[in-house]
*Asks:* 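Following this message is one structure expressed as structure tokens.
No experiment lies behind these values; they were computed from the predicted model shown. FYI, the numbering just counts along the sequence from 1.
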Amino acid sequence: WLIPVAVFLAFALSTGTALGLELLDKSIRTSQDVTRFLDLPMLGAVPHTDDEEVAIDQVETASRDSAKSLVAEAFRRIRTAMQFSAPAARQRTILVTSAQPEDGKTTVACNLALAAALAGRRVLLVDANFRKAAVHRIFKVERAQGLSHLLVAQGSLESCVVRTNVAGLDILPAGPVPPNPAELLGSEPCRAFLAAAASQYDQVIIDSAPVLVASDAVVLATAVDGVVMVVRAKQSTRGVSRRASQLLHDVGAHLFGVVLNAAQAARGGYFREQLRTFYEYQDEETAK
């Protein structure tokens with residue numbers, strides 16, 4: 001009788017350990033966690049690249065370089081969800097941010113800009129993350145002239161904007177790092193720049209510093225039509241994400257919703273089934 005008892009105790013211990021870890025895990029893992037714990041609209045989930053069946057060399061430009069991937073399809077769905085989140089006139093200027101670094105806000109900003117441009121819109125992607133600018137590196141353009149020049153009246157929008165090889169997509173790099181980023185982004189010249197850009201483009205998408213790292217995003221959130229908040233699955237905690245969204249609410253920012261980034265497909269779950277169906281359907285279409 002010792003063997004059955006030992007098996008039962010081992011099973012009980014492993015089950016108890018699993019339940020304990022589940023209860024201790026305060027991270028946001030699923031779309032349901034977003035709506036339940038953050039009380040914000042869910043714009044969409046971007047799958048983790050480990051679950052992809054299509055090779056993605058640079059996830060920041062997957063919408064352009066890997067158009068048949070599920071990651072690219074996810075951004076097309078988010079683009080569509082955005083279109084229904086508010087009238088077009090009220091989403092001309094969009095800030096993309098997150099609570100902390102490494103959540104994937106730059107990846108989301110770049111792909112949203114690409115998805116919109118590929119759908120026929122005229123888009124300006126702005127790098128307002130002076131502290132850790134990355135857009136110029138992703139699109140392989142010079143950073144020397146950019147947003148910081150505009151905000152201190154040392155350049156014009158036309159002279160600082162860089163054309164890309166995607167029709168309809170222009171980029172405004174960050175430019176040199178200013179000594180006072182938050183003050184510049186909260187200034188009247190910044191609001192004037194946003195108004196001018198919105199008059200020339202269908203959509204202006206802005207990548208900024210994380211909310212809990214610097215005040216830049218909170219300041220900028222008061223000047224744009226709305227904010228997209230990026231949460232990284234299994235990395236962003238509920239408390240940190242709630243604190244970031246509360247800071248944005250406190251200044252009167254309009255949050256369009258949340259993008260859950262790097263969501264992993266659980267074996268036997270809906271997301272895993274969606275992945276399998278998506279690629280099976282593409283194979284059928286290719287075979288025709």
*Asks:* I'd like to know if the side chain of D127 reaches the main chain of V135, judged simply by a donor and an acceptor atom lying under 3.5 Å from each other, with no hydrogens or angles considered.
*Replies:* yes

*Asks:* Closer than 3.5 angstrom, by distance alone: can the side chain of S27 be matched with the main-chain N or O of R29 as a donor-acceptor pair?
*Replies:* no

*Asks:* Where the side chain of R143 meets the backbone of P176, is there a donor-acceptor pair that is under 3.5 Å apart?
*Replies:* no

*Asks:* Using a strict cut-off of less than 4.0 Å between a Lys/Arg side-chain nitrogen and an Asp/Glu carboxylate oxygen, indicate whether R242 and D39 qualify as a salt bridge.
*Replies:* no

*Asks:* Can you see which heavy atom on P189 is nearest to which on L151, and at what distance?
*Replies:* CB-O, 3.9 Å

*Asks:* In terms of hydrophobic clusters joined by side-chain contacts under 4.5 Å, are L247 and L95 together?
*Replies:* yes

*Asks:* Is the backbone N or O of M82 less than 3.5 Å from a side-chain atom of Q91, with the two atoms forming a donor-acceptor pair by type?
*Replies:* yes

*Asks:* Between G226 and F256, what is the shortest heavy-atom contact and its length?
*Replies:* CA-CE1, 3.2 Å

*Asks:* Would you indicate whether the side-chain heavy atoms of K105 and D103 approach each other to under 4.5 Å?
*Replies:* no

*Asks:* For A72 and A62, which heavy atoms make the closest approach, and how far apart are they?
*Replies:* CB-O, 3.8 Å

*Asks:* How long is the straight-line distance from OG of S159 back to NE2 of H149, given to the nearest 0.5 Å?
*Replies:* 9.0 Å

*Asks:* Would D170 and R122 count as a side chain to side chain contact (heavy atoms under 4.5 Å, CB included) if you check the C-alpha gap in whole Å, the side-chain angles of each, and the deciding distance to 0.1 Å?
*Replies:* CA-CA 8 Å; D170 292 346; R122 189 146 189 261; 3.7 Å; yes

*Asks:* Check whether any side-chain heavy atom of F75 sits under 4.5 Å from a side-chain heavy atom of L114, and report yes or no.
*Replies:* no

*Asks:* Return the CD to CG distance between E158 and L150, rounded to the nearest 0.5 Å.
*Replies:* 9.0 Å

*Asks:* Run the side chain to side chain contact (heavy atoms under 4.5 Å, CB included) check on R64 and N165 step by step: do they pass?
*Replies:* CA-CA 10 Å; R64 177 194 65 189; N165 59 3; 3.4 Å; yes

*Asks:* Checking side chain to side chain contact (heavy atoms under 4.5 Å, CB included) for the pair Y201/V123: CA distance, chi angles, key distance, verdict?
*Replies:* CA-CA 6 Å; Y201 293 88; V123 182; 5.6 Å; no

*Asks:* Got a second to check how far R232's CZ is from H48's NE2, nearest 0.5 Å?
*Replies:* 5.5 Å

*Asks:* Check each of L185, V96, V227, V224 against I206 using the side chain to side chain contact (heavy atoms under 4.5 Å, CB included) test, and report the only one that passes.
*Replies:* V224

*Asks:* Are L157 and L147 connected in a single hydrophobic cluster, I mean Ile/Leu/Val/Met/Phe/Trp/Tyr linked by side-chain heavy atoms less than 4.5 Å apart?
*Replies:* yes

*Asks:* Donor-acceptor check, side chain of Q100 to backbone of L212, threshold 3.5 angstrom: yes or no?
*Replies:* no

*Asks:* Find the distance between CG (L248) and CG (L220) and round it off to the nearest 0.5 Å.
*Replies:* 10.5 Å

*Asks:* Any side-chain heavy atom of F139 sitting closer than 4.5 Å to one from P173?
*Replies:* no

*Asks:* Find out if a path of hydrophobic residues (ILVMFWY) with successive side-chain heavy-atom gaps under 4.5 Å connects V166 to V71.
*Replies:* yes

*Asks:* Under the 3.5 angstrom rule, does the side chain of S215 hit a backbone N or O of V218 as a donor-acceptor pair?
*Replies:* no

*Asks:* May I ask you to decide if N129's main-chain N or O and D216's side chain share a donor-acceptor pair within less than 3.5 Å?
*Replies:* no

*Asks:* Would you say that P181 contacts V219 through its side chain, given a criterion of any heavy-atom pair below 4.5 Å between the two side chains?
*Replies:* no

*Asks:* Could you grab the distance from atom CE of M42 to atom CG of L260, nearest 0.5 Å is fine?
*Replies:* 4.5 Å

*Asks:* With a 4.5 Å cut-off on side-chain heavy atoms, are V126 and F193 touching?
*Replies:* yes

*Asks:* Is there a donor-acceptor pair under 3.5 Å between the side chain of D51 and the backbone N or O of Q264?
*Replies:* no

*Asks:* Can you tell me if N261 uses its side chain to pair, donor with acceptor, with the backbone of V46 under 3.5 Å?
*Replies:* no

*Asks:* When you check the side-chain N and O atoms of T222 and R191, is any donor under 3.5 Å from an acceptor?
*Replies:* yes

*Asks:* Are the side chain of T164 and the backbone of L169 linked by a donor-acceptor contact shorter than 3.5 Å?
*Replies:* yes

